[in-house]
Every structure is written in structure tokens, then in C-alpha cells.
Amino acid sequence: MKLLFFVTAHNSLSQRLYTLLSARTLPRRLPGISSGGQPTQTSSHSPLHSHTVAVEYAIRPDTMAEAAEIFQPDLIICPFLTKKVPDAVYNRWLTLIVHPGAPGDAGPSALDFVLAGDDGKEPDAKRALDALLDSEKAERKEWAVTVLAAIEELDAGPVWAYASFDVPKNISKSELYRGPVSTAAVAAVLTAIRRIETAAAARDDKLIKPSLVPPADASFSVSTYRPFPKNTTHTRPILPAAARALSPLTATASHFARLLRSADSQPGVLSNALSPPGKANKLFLYGGKFVEPVPAHLVKPGKIVAHRDGAVFLCCADGNGVWITHIRQPRAKADTIRTLHPKVPTIMGLQSLKWAAPLGLDDPTQVQDWTFQNWEKREGALQNVWVEEEKIGDSLVAYVYFPFYNGASDTQQCVQLRKAIEWASRVRTPQEEKDKGQLKALVLMGGDGYFSNGIHVGVIEAAINPAQESWDNINAIDDVVEAVMSFPGGMPPPFAKYPGIPEPRENVPSLAERGVLTISVIRGNCAAGGLAVATAADVVLCAERAVINPTYRGMGLFGSEYHRFSWFERCPDAEEYIRAMIPIGAEEARDAGFVDTILHASSPDEIELSAKAHIRSLVSSPYSAAVDFPTAPWCAAAQKIDPSPSTSLVSGLLQNKLAFLSTLDRPLRWYRALELQQMALDFWHPVRSQRYHSRRAAFARKIAPQSTPLRFATFRRRNGEVDEEEADEFDDAPGWTPEEAWGWAGMRVPEVLSIRSSSSSSSSASEPTTIVNSPVKEMTSYFKASTLDDALSEKLSIAPTFNRGNAVGTDAAFQEVLYTCYYDGARE
């Protein structure tokens, strides 16, 4: 069928459905892994359905109607839509709405009400909300996603399918959405499509029409095969950010945290709880995932008593505290440029507002530093990074977890992660090896919602000097990758200076030389630099639910993290994927070579169990079992080693790796230098930098797009039209020289770049095909909107955000006014 998606944004759910339904194939057969850790024979990649899928951003009613008229879809699906579908569309084409609520529920804040504690017993919305704020209610244990036909009344059309799910305790809205909601939505959408195809087949003309009637069993959940409990769903209005605010002077920590979790991602809780003494300024607050007891001598309700990992610990009325991890400044009424401020870690935001000192954050006698001094896991505690170890026979496996918020890693988080990896992979003493075993595998676990999405564009956008912060961040994450890679002869000296630069480590053999295999477990979505971190490992396991975005280009970046080595060695079509800028599913990622093995499990717990079962089997197997354990090409058996029959799988794979590395005609550092030279152009070149700075601002500030990219709305291509990012001219950097590019970063041209390939090996394929000297047309860009009174001049200069202590007013979750301005982008 021809399927047309209407979306407010092409988010994680719409991308997941897109990868499942689109007919995109790259045949390459590799085994998968069941939840029990055993190999399963699977065929080459083929989507669940070979549909033609196009995507249209729901910008205006007329553009939506125009898209349907041009594309002439068989069926329209709205996976994530915050606007009403025009009647001219749903009256002509059957249009399915994916509503994150059970049958009978209606309204834009379905998940918010559920997580706030609405059990559905009170039909009146105002009384229900008053009750939620008055006291903490028992959590609803079951919820659902409903797929229904669009009609005039919102969320009231005929139900074609719905899938129910259990609501985990203490889960945030974004976690619920990316996990149980997305899984249920996929099941419901696929069932609805099947039922619609059946209903259409019964018609004489075989056509899909809005008049089709759902089958009787559509009132039963596709997951539990029973109807949803009656009289527990109602129409609820939008739940504003300000309506969720509780006072820590009177509320319990668990109640305060629940309201925070219900507003996670958007819109946040608009509260003055972090306002300095004597003020009542409000901020949007995020967090609430962790509630801990406050030591008796520190109990001060309404006060910040500690900080850790960029978050603050706010004491509440019951003597417990809640961790607030991120904040966002509301727009002031006087702001002339009406875009959202970026969401940033709490301490960074408070420092930028100059609230840190009044709140006592600069005085350890008032606010204690609760930073952990080692990497052990603390149950129930806020931790950005931790390490778990498992002894398997005489072997040791170290697992490094880093569930960063939304998968983004700022400079200091990258430093923290690199230090954890260095600690986990340290050379152990003989006594440690006797007690725990010899380290055989270092495993990067990421988070369960996101493995990683790379650098933190929100922190960069809020920085005083975004270009310099970008440079620091990319070098910090490059050093994370270097901590996972194996440099023949040991780790080279630090490449670039930034806060937290690694200490030189001389005479330390590489991980491969020490017999340590590296593994990445992609448990959730993964994109750009985060995927490059994962693919640097020798083995990549990937959950079948994960959505993979192997590209940087949509953000206006060339990319780094050694992707020109790992992606191009792993995937013959890497350049095609980079330029396509299209999300892919786990099967296609495996078939392309980005990942090695699929984990056939659904829930976070099942995925982790499946991964660990596979790793135990890998570490315990002989080299003769290599065929059952796909790896990166550099560990493959083509390196002509001759292991003995007693060689372990780990040892044999690493012998292959060392043999491969010995054949490279360039040092590994060449790839980093190559990438960073291009990134310097992205950050500082007067023309080239416009593409990155404008796109970063649009992303971090939630600026609504004014058109749908042609790579998604393929039916709009005319006469060879392409997106700006698809054109070769997008890479233009007129007149640049290597000396100038590195000079912007305060460095000289690295000597390693003078090394040229002496062969036509695959390494040469990773040199960029960038056009850098052709003429370019003058560009306008939607750029960052600063709150500084003097931020606007004849040209928009980069200026600090989050720096006004008197910001008041209201804010909107989605801002649809696009401002354009000229930007010279040269030096800040």
C-alpha cells in the first residue's frame, strides 16, 4: 500500500513505524539472538510489510490536504500529531490517529494525567486535577494506545485496534512513551492495517474508504484479548506546566516527583521552587526519577541541600528529597524573538542565571557535593555513569552504563564516561585477577531508552561560545571512542585540549594486546556520534526495537568519533547512508553492517538479559564457534591466523584484530584528524558554519519547520529537486586552508594528516568527497534566539543564554514562528 504519515515531528515512534513498514532492503544474511542468548537463523532483511511510506509534517491544513492530493495514499496514519486533520482529508481518505490513551480517553495530555495519578474514577476534569494536586493517588496499573479513525470530534472516531500495557512504577513520560507506549502503538497499528486490508478485500471495488467499519473484536486489546475496564476513561483537557506546580514546603518528595515525571520532556513543571531567596522567579523543572532520604541534620524543606552530576537535590516537606536534573528558562514577556530557551542541566542553568551563589551552590557548607568517588552502582540513586562486573568462570566482564538524558553527552559527561571506561578496563593486580577473574570483555551498555545520540546540542546552544563548546564536546567524545579502540603500541598522547583532557598514559598496552574484547549493546535508539561510539567496538548487539540514524548531516555536521574508520570498514554503503539521512531499523542496520547481532527481546529487562546471555556464551566459547558470533570486519577470520584448537573465541578474535591493525597504512589518529578538520569548518568557517549553527538552534529551541524535507515527502520532488542537505553545495567552504581551519581551534595542522595511503585499500574510501571551494549563494538561516537585550544587532552574534534573573511569563511547548536572520559565523 501507499501509506502517508502526518506528523508534528518525525519522532521516535513515527520513525519506528517508518522503518517497520517501509520497503527498504540491503540483502545480507546474518544470525540473530533469541532472548535466551542462542543463535537463531533469520532470513535477509525484509520489512514486515513492503509498503511505500511517505512523511509529511503537519504544518498547515492546506499543506496537509495538498500532500494527500499529490501522493494519493491508500491509507493515512498519524503516529504523532498535535493538530487536527482537515475534514477535506479524513472525509476522502481513511485516516488513522494513534492516540496514547485507552478507548474512550480523549485529550492532548493522556499520558500526563495517567502518570500524575488519574485513575479515571472522577469524570469531571477539574475535580480530577484538584484531587491530583491535593494528595498523592495510587498509580494506574494499566493503560493503552488506541488506533482510531479521524472524525470531526477529536479522539472519538471508530476504533480499529488498541493495545494495552502495564504502567511501570516511577517511570517518566518520555520513558513510558519510548518504551511501553511505542511497543503497544506498533502492535495496534499493524493490527489495524491488517483489519483494514481485510475489510477492503470484502468490498466489490477492494478500495480502502473512510466508510469501512472495524470488526467486532476491535474492542478487545490486541495484547490482552479483553476490553478495557469500563467507566475509567474520559475527555481530559491539556495539563499546563503551571497547573502541576507543588510547593516543596508542603508536598512530599514522592508527590513532587510524580508531577515532574508526568511533565518530562514537555512541557516540564513551571515552578518557583528553585528561585533564590526573596524572589519568585519560575523555571521549567525536569527530573523526579529519583527520590532519596535527606540526612536528618540537613532537612530543610524547600532548600537545595546537595548536588551531583549537574543535578540538584531539593528537600521536601516529608524529609525526603527529589533530584531535579534539568531546567529551562521561560520566555520573558519582553523577549523580542519568540523561541524556546534550550533545556540544560540544572546547575549549568542556575549558574548562567547567576542564581548559584544565592542558592548556596558555591558554598559546600550550605549545599553539599554528593559526587560518588567510585563507579559502583547504587540502587535507587541518581547516577549518570556506573560500572557492573560479572565473573564468568575465570573471566571477568565489565559493563559500563551511561543512561544520559535523551542520549546526549555534554563535555563533562564525556569526561565522566571516559574515566569510567578507563577504570573498568584498568590493568588489575594479580590479587584482583585471582578474586574476580581476568578481564576479557569491556561492554558499553548506554541507556535503555537511548544508547547515545552523541554530543549535547542543548548545552552547546546555551554556552557563551557555542563553537568552542562544540569543539570541546566533540574532542571529549572522541576520547571516549579512543578509550574503547586499540592503538597498536598503546594509547597516543592527548589530541586536543579541553576541560577534563585525559592524562597521558604511557607504556600501557592496548585493550586488544591485553586480551580484552570490546562490545556495545544498543538497547534503545541510537544516532550520529552515539552510533559511532557503538560501532567502535569489536562486537555490536542491537535490540530489535531500536531505531538507528547513521548520519550527522541533518544537523549540518561532518561528524567525528572515528566514524570514517568504523562505519566505512563495517558498511560498504556507509556514504549512502550518511547522505540519505533516513532512519533504519535494527534488521537493516545489521544487514548494512553497522551492527552484528539482533537481540530478539522487547522490554528493557529482557533485552539486558538477552545481551548478557549472549556475552556469557561468547566469553565461554572456543574459537571454533566463531561462525555463530558475528563481529566487526577487523575481528573476522580473514586475517589468516592459525589458532590452536584450544584457542578461546575472545583470544582468536583479538588475534585477528591485531593482524588487521598491523596492515593499516595510516595510523588510526589520521581518521580523527581528518574528521576534526572538517568539523572545524562546521564550527567556524564563515559560510560552512551557518548550516550547523542554524540547525542546532532550531533543534534546541524547538523551532517548527516550515516545510517537510523531500527525503521524507518524496512525492514532492520535482525535476531533480533535493533537500539542501542532500546537495553537494551543502559542503561548500570557499577559500579555506588547513592552517586556517586548525587555527580557529588554536592548533597547528596535525602531522598525521600528511600521511597518504600507499594502496587502494578500504581505508582510502573514507576520505571525504566534500566540495570545498565552489561558489555558494548567500544564505539566510533560522538561528539562535538569545534573551540578551543586546543580542540583536545588524547581524546576530553568538551570545549567552539563560542569563536573565528576572525572566517571567508563559511559554509554549511547540513554537511555530520561524525567524530568519543573517549570520556571518566567522569568529565569536
Item checked: Glu292/Arg308 salt bridge by N-O under 4.0 Å criterion -> yes
Check: Is it the case that Lys343 places NZ or CZ above or below the six-membered ring of Tyr286, under 6.0 angstrom from the centre and within 45 degrees of the axis?
Finding: yes
Checklist line | Trp567 CH2 to Leu531 CG distance, which is reported to the nearest 0.5 Å | finding: 5.0 Å
Item checked: Sole candidate of Val385, Asn384, Val480 that passes side chain to side chain contact (heavy atoms under 4.5 Å, CB included) when paired with Phe402 -> Val385
Check: Taking NZ, NE, NH1 and NH2 as the nitrogens, is one of them in Glu389 or Arg428 under 4.0 Å from a carboxylate oxygen of the other?
Finding: yes
Item checked: Separation between CG of Leu176 and OG of Ser262, rounded to the nearest 0.5 Å -> 11.5 Å
Next item on the list: Could you check if a side-chain atom of Val387 sits within less than 4.5 angstrom of a side-chain atom of Tyr399, using non-hydrogen atoms only?
Entry: no
Checklist line | Identified side chain to side chain donor-acceptor pair (under 3.5 Å) partner of Tyr401 from the options Gln383, Glu608, Lys377 | finding: Glu608
Item checked: Check: Asn11 main-chain N/O paired with Ser14 side-chain donor or acceptor under 3.5 Å -> yes
Next item on the list: Test Val547 against Asn549 for side-chain contact (heavy atoms from CB on, under 4.5 Å), laying out the working first.
Entry: CA-CA 7 Å; Val547 175; Asn549 276 278; 4.0 Å; yes
Check: Between Tyr498 and Glu469, does any side-chain donor sit less than 3.5 Å from a side-chain acceptor?
Finding: no
Margin query: Do Val459 and Met348 have side chains that approach each other closer than 4.5 Å (heavy atoms only, starting at C-beta)?
Written below: yes
Next item on the list: Using a strict cut-off of less than 4.0 Å between a Lys/Arg side-chain nitrogen and an Asp/Glu carboxylate oxygen, indicate whether Glu561 and Arg672 qualify as a salt bridge.
Entry: no
Margin query: Between Cys542 and Ile548, is there a side-chain heavy-atom distance shorter than 4.5 Å?
Written below: yes
Checklist line | CA sep, side-chain torsions, deciding dist, call: Glu569, Arg564, salt bridge (charged side-chain N to carboxylate O under 4.0 Å, His left out) | finding: CA-CA 8 Å; Glu569 292 293 345; Arg564 285 279 162 178; over 6 Å; no
Next item on the list: Calculate, to the nearest 0.5 Å, the distance between atoms CG and NE2 belonging to Leu285 and His326 respectively.
Entry: 12.5 Å
Item checked: Step-by-step side-chain contact (heavy atoms from CB on, under 4.5 Å) determination, His307 to Asp369 -> CA-CA 5 Å; His307 67 87; Asp369 182 354; 3.5 Å; yes
Checklist line | Ion pair check, Lys289 and Glu175, cut-off under 4.0 Å | finding: yes
Notebook entry, point to check: Can you check whether Leu13's main-chain N or O pairs, donor with acceptor, with Arg16's side chain at less than 3.5 Å?
Noted result: no
Note to self: So does Asp538 get a backbone contact from the side chain of Thr631, meaning a donor-acceptor N/O pair under 3.5 Å?
What the structure shows: no
Note to self: How long is the straight-line distance from CG of Asp410 back to CD1 of Ile460, given to the nearest 0.5 Å?
What the structure shows: 9.0 Å
Notebook entry, point to check: Are Arg590 and Asp596 close enough for a salt bridge, meaning some N to O gap below 4.0 Å?
Noted result: no
Check: Taking Asn473 for the side chain and His456 for the main chain, is one N or O donor matched with an acceptor at less than 3.5 Å?
Finding: yes
Next item on the list: Quick one: pull up CD1 in Ile347 and OG1 in Thr325 and give me the separation to the nearest 0.5 Å.
Entry: 11.0 Å
Next item on the list: Evaluate the ring planes of Trp370 and Trp323, with Trp represented by its six-membered ring, and classify them as parallel (under 30°), tilted (30 to 60°) or perpendicular (over 60°).
Entry: perpendicular
Check: Between the main-chain N or O of Ala659 and the side-chain N or O of Ser662, is there a donor-acceptor pair closer than 3.5 Å?
Finding: yes
Notebook entry, point to check: What are the two closest non-hydrogen atoms of Ser425 and Ile421, and how far apart are they?
Noted result: OG-O, 2.7 Å
Check: For Gln412 and Asp309, does a side-chain donor sit closer than 3.5 Å to a side-chain acceptor?
Finding: no
Note to self: Hydrogens and angles aside, do Ser174 and Ser265 bring a side-chain donor and acceptor to less than 3.5 Å of each other?
What the structure shows: no
Note to self: Measuring only between side-chain heavy atoms, which start at C-beta, is Val595 closer than 4.5 Å to Leu541?
What the structure shows: no
Item checked: Arg418 bridged to Asp479 by N-O distance under 4.0 Å -> no
Notebook entry, point to check: Taking atom types as modelled, is there a side-chain donor on Trp386 or Glu388 under 3.5 Å from an acceptor on the other?
Noted result: yes
Item checked: Row check, Phe594 ring normal vs Arg570 NZ/CZ: under 6.0 Å, within 45° -> no
Note to self: Testing the 3.5 Å rule here: is there a donor-acceptor pair between the side chains of Tyr623 and Asn656?
What the structure shows: yes
Next item on the list: State whether a side-chain donor-acceptor pair under 3.5 Å links Ser603 with Asp605.
Entry: no
Check: Is the backbone N or O of Arg261 less than 3.5 Å from a side-chain atom of Ser172, with the two atoms forming a donor-acceptor pair by type?
Finding: no
Note to self: Any carboxylate oxygen within less than 4.0 angstrom of a Lys/Arg side-chain nitrogen, looking at Lys419 and Glu503?
What the structure shows: no
Note to self: Any heavy-atom pair between the side chains of Ser566 and Trp634 that's under 4.5 Å?
What the structure shows: yes
Note to self: For Lys391, I'd like to know if atom NZ has over 12 heavy atoms of other residues, nucleotides or ligands within 6.0 Å.
What the structure shows: yes
Check: Does a side-chain heavy-atom distance below 4.5 Å link Leu557 with Met679?
Finding: yes
Check: Short question: side chain of Ser510, backbone of Ser486 - any donor-acceptor pair under 3.5 Å?
Finding: no
Notebook entry, point to check: Looking at Glu390 and Lys612, does any basic side-chain N land under 4.0 Å from a carboxylate oxygen?
Noted result: no
Note to self: Please tell me whether His563 and Tyr671 form a close aromatic pair, meaning their ring centres lie under 6.0 Å apart.
What the structure shows: no
Margin query: Take a 6.0 Å sphere around CG of Asp166 and say whether it holds more than 12 heavy atoms from other residues, nucleotides or ligands.
Written below: no
Next item on the list: For residues Val181 and Phe165, determine if any side-chain heavy atom of one lies less than 4.5 Å from a side-chain heavy atom of the other.
Entry: yes
Item checked: Distance in Å, Gln15 CD paired with Asn525 CG, rounded so as to fall on 0.5 Å steps -> 7.5 Å
Next item on the list: Take Asn406 and Arg178 through the test side-chain contact (heavy atoms from CB on, under 4.5 Å) and record every step on the way to the result.
Entry: CA-CA 11 Å; Asn406 286 341; Arg178 289 192 301 269; 3.8 Å; yes
Notebook entry, point to check: Can you find a side-chain donor-acceptor pair between Ser602 and Glu606 that sits under 3.5 Å?
Noted result: yes
